[in-house]
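To start, the structure itself, in structure tokens.
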Protein chains: 2
Amino acid sequence: MAVTIKDVAKKAGVNASTVSRAIKDSSEISDKTKAKVRKAMHELGYRRNAAAQVLASGKTNTIGVVFPAVNDKESQPFYMKILSSINETARDYDISVAIATGHTVAQLKKQVELQYSEKRVDGFIVLYAGKSDPIREYLLNNKIPFVLVGTPSDHKNEITHVDNDNMLLGREAVHHLVDLHHENISFVTDTTQGEVFEERYHGFKDEAQRYGINEKLLVMDRDFSVTNETALVVIDDVLALKVVKQLTSQGLRVPEDISIITYNNSIFTTIIHPYLTTFDINIEQLGATAVKKFLDLRDEEEKLPEKTIIPFQLIERETTKARI
Amino acid sequence: MAVTIKDVAKKAGVNASTVSRAIKDSSEISDKTKAKVRKAMHELGYRRNAAAQVLASGKTNTIGVVFPAVNDKESQPFYMKILSSINETARDYDISVAIATGHTVAQLKKQVELQYSEKRVDGFIVLYAGKSDPIREYLLNNKIPFVLVGTPSDHKNEITHVDNDNMLLGREAVHHLVDLHHENISFVTDTTQGEVFEERYHGFKDEAQRYGINEKLLVMDRDFSVTNETALVVIDDVLALKVVKQLTSQGLRVPEDISIITYNNSIFTTIIHPYLTTFDINIEQLGATAVKKFLDLRDEEEKLPEKTIIPFQLIERETTKARI
DNA sequence: CTGAAAGCGCTTACAG
DNA sequence: CTGAAAGCGCTTACAG
């Protein structure tokens, strides 16, 4: 059988409770005893039994990661990347990760409820925002600790969340383009829903007006085309790829005739030339911060909800160019 | 506090052990008693405590999913998709999923070892093949149950694995192209490593020779170009995208001048036109089957290793056309 | 078909 | 600073 705390205790000549305390490096235990215990653990190759620890302590030390209930999550590199980041950060804190996925919100909610009620997780990191999500409601109503990656459209003040500053992201795109002497800039999107669109576009518009620049909102469709724009801000990488393709087939050269700047710095930016100039949103840090905030929330009584802003960087590649 | 098996027992007027048996629908228990127990469970809103069950039964009922120790896993939609499929299939069997990720093989191996030795998982599903992987060695040496998605290059006979028939995939591409009257076909790849390349190319070559078709192997690089080919088989979607781009910029039209057929049917096939003709490899079924095979392996004594072949489908889109 | 009891491997007041 | 004991919520031989 596997070696237990009792075996270690016997070998070290102490009580099992002492071993338990020594393992968690309790300040109650003398250094001498700790050393003895550590030696015994080592010699026997002791490994804790996770289930026993959970049962006795009441803490699961695992976080549930909730993916959106849509099929297109597979296509967005964001999710796999943040999952890795969450998992690796969690491991550093000796925390495990469980996942909740589903094709429908109902399925997903069921899995979330089950994970919590069967005491498999201490709480959740939710990887999507959007409006009035039943799962968020459930978590909120039951006072289950969770942190959201993104910006919720409601209950902003009650939800600990971590996100980029999307408004600033909108501003900075304009700022960069203005630096390159562009004066006719449109914002291109394929959706007008959601906080991401709203904030990026808001920032874009605001900054454009501040500079006295011509700006428009273009919604991508089959017969998308531009008029007198010399630069475009595109809401994400995938759409930017389509935009480049469309413009190219209309005889416009990117970036010679028109500059493009976009967001996320996903794999899509560097599959085919011209490689896209884009803002990197630091997914790794989003994930790592979400874990830390979650642990704060779980461990501190009366911890107030807070928003954490993760910085971004402009990655200049081949789709932006100064006007002469 | 949460309601336990004891509370249910009291309410139903039976012993806790009876409740335990009733819950797992043991044939030892009378239907009448089961009904009583179920009623009590329902009224009290009983939920099992996962940790207690694990500790008492010795089964964790969770599978560890091992991702490759590379950074580019984020860019391949395959991983997120198969993870969802594994998670959703597992849930149907009342099984949880844990994940193991890492930037280096050492990190990854450490997490795998920890998960197993701390009894967090019953075994693993490994999402990559490749040659002589230390993690695979570890699992094999310690007789830890695992199934591999893909085809290992060694120990084939000792490892339960699930994969597509890559050789057949190579053949079928040629077959389809020959049906479209193509007679000069090359195979395009960016790597000559790994079972996937070897088998797809092997099948391709074999079938081309069988038909007496001109065939060549082209390795993609900066100055990639074709000579007299009228059709190309490209090893995966992402590379196909690059190939299309390259050919287009050389003045060749796809599919009018040259047909392209590729593999995987990932998101990359339908971002920009021409949409790629591709083989769908049924990732959902790969994942679901991996879970089922894992459970067989875990539960049946002396279960022999086996390979399961998952079927594929040709998805005709815009990059293939008959020669006139 | 059901019950009583021991046990899974930890943690944590309580006592000293 | 350390030990003895109870307990976390299940499962599972054993007995009847």
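The structure presented is a predicted model; accordingly, all values stated were derived computationally and were not measured. Below, read A as the first sequence line, B as the second, and so on, with proteins coming before strands; counting in each chain starts at 1.
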In numerical order, the residues of residues 22-33 of chain B whose heavy atoms come under 4.0 Å of DNA chain C are B:Ser27, B:Glu28, B:Ile29, B:Ser30, B:Thr33

Paired runs of 3 or more consecutive Watson-Crick or G-U pairs involving DNA chain D, with both pairing distances under 3.5 Å, are C:1-3 with D:14-16, C:5-12 with D:5-12, C:14-16 with D:1-3

The nucleotide from D:dA4, C:dG3, D:dC8 with an atom nearest the side chain of B:Val14 is C:dG3

Look at all strands and tell whether B:Val54 reaches a base, only sugar-phosphate, or nothing, counting heavy atoms closer than 4.0 Å. nothing

> Any side-chain heavy atom of B:Thr160 within less than 4.5 Å of one from B:Leu148?
Replying inline: no

Less than 3.5 Å apart, any donor N or O on the side chain of A:Arg120 or B:Ser96 sitting next to an acceptor on the other? yes

Sequence neighbours excluded, the answer for ring-ring contact (aromatic ring centres under 6.0 Å, His included) partners of B:Phe67 is none

note: B:Asn15, atom CG; D:dC14, atom P; distance rounded to Å ~ 18 Å

Open item on the list: With a 4.5 Å cut-off on side-chain heavy atoms, are B:Asn49 and A:Leu55 touching?
Closed with: yes

Here the distance between atom P of D:dG3 and atom NZ of A:Lys10, to the nearest Å, is 15 Å

| Are a donor atom and an acceptor atom from the side chains of A:Thr33 and A:Ser30 found within less than 3.5 Å of each other? | yes

For A:Asn282, the side-chain contact (heavy atoms from CB on, under 4.5 Å) test, sequence neighbours excluded, returns A:Asp280, A:Gln285, A:Ile310, A:Pro311, A:Gln313

Out of C:dC10, C:dT12, C:dG3, minimum distance to the side chain of A:Thr4 belongs to C:dC10

query: Given side chains that start at C-beta, do those of A:Pro305 and A:Ile159 come closer than 4.5 Å, heavy atoms only?
result: no

Side chains of B:Tyr79 and A:Leu83: does their closest heavy-atom pair fall under 4.5 Å? no

5'-most contact on DNA chain C (nearest-nucleotide basis), B:Arg21 vs A:Ala16, goes to B:Arg21

From the candidates C:dT12, D:dC8, D:dT11, the one with an atom nearest any side-chain atom of B:Ile5 is D:dT11

Within residues 36-51 of chain B, those residues having any heavy atom closer than 4.0 Å to DNA chain C are none

Check: Looking at side-chain heavy atoms only, is the closest gap between B:Ile86 and B:Leu127 below 4.5 Å?
Finding: yes

Practice problem: Determine whether A:Ile125 and A:Phe146 make a side-chain contact, defined as any pair of heavy atoms from C-beta on separated by less than 4.5 Å. | Solution: no

Below 4.0 angstrom from OP1 or OP2 of C:dG9, is there any side-chain N or O of A:Gln53?
-> no

Residues passing the salt bridge (Lys or Arg N to Asp or Glu O under 4.0 Å) test with A:Asp133, sequence neighbours excluded, are none

Rounded to whole Å, the CG-P distance (B:Asn61 to D:dG9) equals 19 Å

When rounded to whole Å, the NZ to C1' distance for the pair B:Lys6 and C:dG3 reads 14 Å

Whole-Å distance, A:Lys59 NZ to C:dT11 P, equals 12 Å

Q: May I ask you to say what B:Ser20 touches in the nucleic acid, namely base, sugar-phosphate or nothing, with a heavy-atom cut-off under 4.0 Å?
A: base

Requested in this report: Decide yes or no on side-chain contact (heavy atoms from CB on, under 4.5 Å) for A:Val147 and A:His161, but give the supporting numbers first.
Outcome: CA-CA 5 Å; A:Val147 355; A:His161 57 289; 5.9 Å; no

note: A:Lys119, atom NZ; D:dC8, atom P; distance rounded to Å ~ 13 Å

Can you tell me if B:Thr18 touches the phosphate of C:dG3, counting only side-chain N or O atoms and a distance under 4.0 Å to OP1 or OP2? yes

